[in-house]
Amino acid sequence: MELSEQEIQRRNDAEELRKLGINPYPAPMYDVNTNTQEIKQEFEKDNTLFQDVKIAGRIMSRRIMGAASFCEIQDEKGKIQLYLNRDEICPKEDKTLYNTVFKKLLDIGDIIGVSGYVFKTKMGETSVHVKELKVLCKSVRPLPIVKEKDGKVYDAFTDPEQRYRQRYVDLIVNPQVKDTFVKRTLIVNTMRNYLDEKGYLEVETPILQPIYGGAAARPFKTHHNTLDTTLYLRIADELYLKKLIVGGYSGVYEFSKDFRNEGMDRFHNPEFTQMELYVAYKDYFWMMNTVEEMVERIALALHGTTEVKVGENIINFSRPWKRYTMYEAIEHFTGIDISNMDEKELRQTATKLNVPIDDTMGKGKLIDEIFGETCEGKLIQPTFIYDYPIEMSPLAKKHRSKNGLVERFEAVCNCKEICNAYSELNDPLDQRQRLEEQLELGKRGDSESMVVDEDFLKALEYGMPPTSGLGIGIDRLAMMMTNSNSIQDVLFFPQMKPEVQEAITTDNDFINQGVPQQWISMLRKAGIGSLENLKNANINKLFNDLNGLRKKNKLDIPALKIEELKSWIEK
RNA sequence: GACUAAUUAGCUCAGCCGGUAGAGCACAUCCCUUUUAAGGAUGGGGUCCUGGGUUCGAAUCCCAGAUUAGUCACCA
């Protein structure tokens, strides 16, 4: 890869530092005694503090005025301005540290450590008056420059591709991004504390599974060499966790990365995080209370209030949330009671409501479509929707009193599902039948159909207590709690298509190919970065390009002859 | 998978009807001892995403492809 002018400059600067006896990448620790946030907050209250501070961070801007300079450094908590005076950081004759090291060899992006005292400038900005300066890391790649004044951001670094592929750059120049991820961790920690307080056991179950199950999704497939067997990356943890309830734990939960080989969009990443919880001797009504309480606590932990701004809406997570059965919700939003309709009537109703349907849809699917089209988009405030059609819920217990339904609920919020829970099916014979039916359905479209997990059924045959189970999407919850528009904004490293990496061809490879040293950099400039490229190049175009570059760069070498070029390509 | 849009300097972006590639920041050199998105002067920096085509001539028009985003489809 050709280096840009600025990259070459920075590499030279690093070399110059070495010549001055300064290691641009020193080994010893640099022990700071405070941070930028602490200084800014506390100095405001008591300006006798911080008379001997030591801090470190990345240089984010510089203003040099001859023998004195200001620059800003950024640490994890924020930025602070530094004041450097030539004669103070270089009290003796030798002014190299200021004139050469600071002014010439350091740049925006480099990491330095400083010690000195805190003061306020004439402009009223809390700053560190630097007495000592140490280079901690020379950056050889220039950062995007983002400037800001009175909250207005100039030249913002916003290109999603670069932000997601190079999250580290995003984190450096867009400080609010750091906050999103701090909040995400706080969500997880709050949830974990809540569950631990209740006495549930955090567990780990296999990610590599010989049989995948627990959801309707296509898996990622891999292979174990020693066992010479196919393994799947899990799509859900449900079956393993229920086996632990059979084993006698009264409450188990897992924060799990799950993997689904499906389409990607603003709400779906191939790997995502769920928290699944199973508690013995409970039912789905109990679980609704638990979800409300847990999510309300998370909102309070993050925002100090139950009200959270999401897009244009203010969402209030305070308990109790609204509760509708699926039928009630449909009646509420359409005025039509479908609870006693048969398949034909449902079909007519769907058509009347302009809900797109097709012939393959059974009763359950029709109800679900009607709900999705007419209700989901209107549920802004957190709402429990419960009692689902049996067809699409093979792991949920049949309703205690209503035929054709299961004891299942979802919480919908800002028009999106955030969790999914049931009274778990623990009748092993019913479970076998339901899974087998599901299998039949699955076989129609899918080339690789699911297999019934016999070991899971065996476990149920030993007897699982009545249990309530929950799956809550951490990414979705994080999106909502941080007002993020896309799942990529709450994942540090969202999945992206791999960048095509050109085969690395060294100068020596080109020389072996017969290319003279002087022409190599021209070749690279002409877009020929590898031998592969050279062999596939259009000879006439390349011939013109190279001689054009020779002229442009005023090279003091004879013009290339086409025979010469041919010899490189054909060798 | 379909449609739409974007891709130009390290970054943010202009670039008209096809005629030698532009700005601001950043970078380099010089001046400047309390500045604050931007002090002054001068200068360097380009695979105009890639590959074809049309044309005397393409960043610009046409075709194909790559990547990203949005919408829809699929998918709990």
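Here is the naming used below: chain letters follow the sequence lines, and residue numbers restart at 1 for every chain.
Candidate nucleotides B:C74, B:U34, B:C25 were compared by shortest atom distance to the side chain of A:D155, and B:C25 ranks first. Taking the side chain of A:E5 as heavy atoms from C-beta on, and the options B:C25, B:G44, B:U35, the nearest nucleotide is B:G44. For A:I108, whose side chain is taken as the heavy atoms from C-beta onward, the closest listed nucleotide among B:G70, B:U35, B:C27 is B:C27. Among the nucleotides B:U33, B:U34, B:A26, the one closest to the side chain of A:F70 is B:U34. When distances are taken from the side chain of A:K122 to each of B:C13, B:C25, B:U35, the shortest belongs to B:U35. Here the side chain of A:P144 is nearest to one of B:C25, B:A69, B:C11, namely B:C11. With B:U71, B:U12, B:C74 as the choices, the nucleotide that has an atom nearest any side-chain atom of A:D159 turns out to be B:U12.
The base of B:U35 is paired with the side chain of A:Q81 by a donor and an acceptor separated by under 3.5 Å. One donor-acceptor pair, N or O on each side, does fall under 3.5 Å between the base of B:U36 and the side chain of A:E125. Taking only distance into account, the side chain of A:S61 never meets the base of B:U36 through a donor-acceptor pair shorter than 3.5 Å.
In this model, the phosphate group of B:G44 is not approached by any side-chain N or O of A:Q6 to a distance below 4.0 Å at OP1 or OP2. The shortest distance between the side-chain N/O atoms of A:K147 and the OP1/OP2 oxygens of B:A26 is below 4.0 Å. Between A:R165 and the phosphate of B:U67, there is no side-chain N or O to OP1/OP2 separation shorter than 4.0 Å.
A:R163 meets the salt bridge (charged side-chain N to carboxylate O under 4.0 Å, His left out) test with A:D170, A:D489; sequence neighbours excluded.
Mapping A:K120 and A:V146 onto RNA chain B via the closest heavy atom, the residue that lands nearer the 5' end is A:V146. Comparing A:D13 and A:K149 by the nucleotide of RNA chain B that holds the closest heavy atom to each, the one mapping nearer the 5' end is A:D13.
When the P atom is compared between B:C49 and B:A6, the two are found 12 Å apart, to the nearest whole Å. To the nearest whole angstrom, the two C1' atoms, one in B:C63 and one in B:G70, are 25 Å apart. Here, B:G57 and B:G15 have their P atoms 26 Å apart, quoted to the whole Å.
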Pairs under 3.5 Å (N/O, protein and nucleotides 29-31 of chain B):
residue : atom : partner : partner atom : Å
B:C30   : OP2  : A:K104  : NZ           : 2.9

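Side-chain contact check for A:K397 versus A:Y284: every heavy-atom pair is 4.5 Å or farther apart.
A straight line from CZ of A:F119 to P of B:U36 spans 14 Å, rounded to a whole angstrom. For the pair A:F157 CZ and B:G24 C1', the interatomic distance rounds to 18 Å; values are reported in whole Å.
In this structure, the ring of A:Y212 has its center less than 6.0 angstrom from the ring center of A:Y232.
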Going through the checks in order, is the salt bridge (charged side-chain N to carboxylate O under 4.0 Å, His left out) test met by A:K120 and A:E125?
-> CA-CA 5 Å; A:K120 275 210 176 192; A:E125 180 158 347; over 6 Å; no

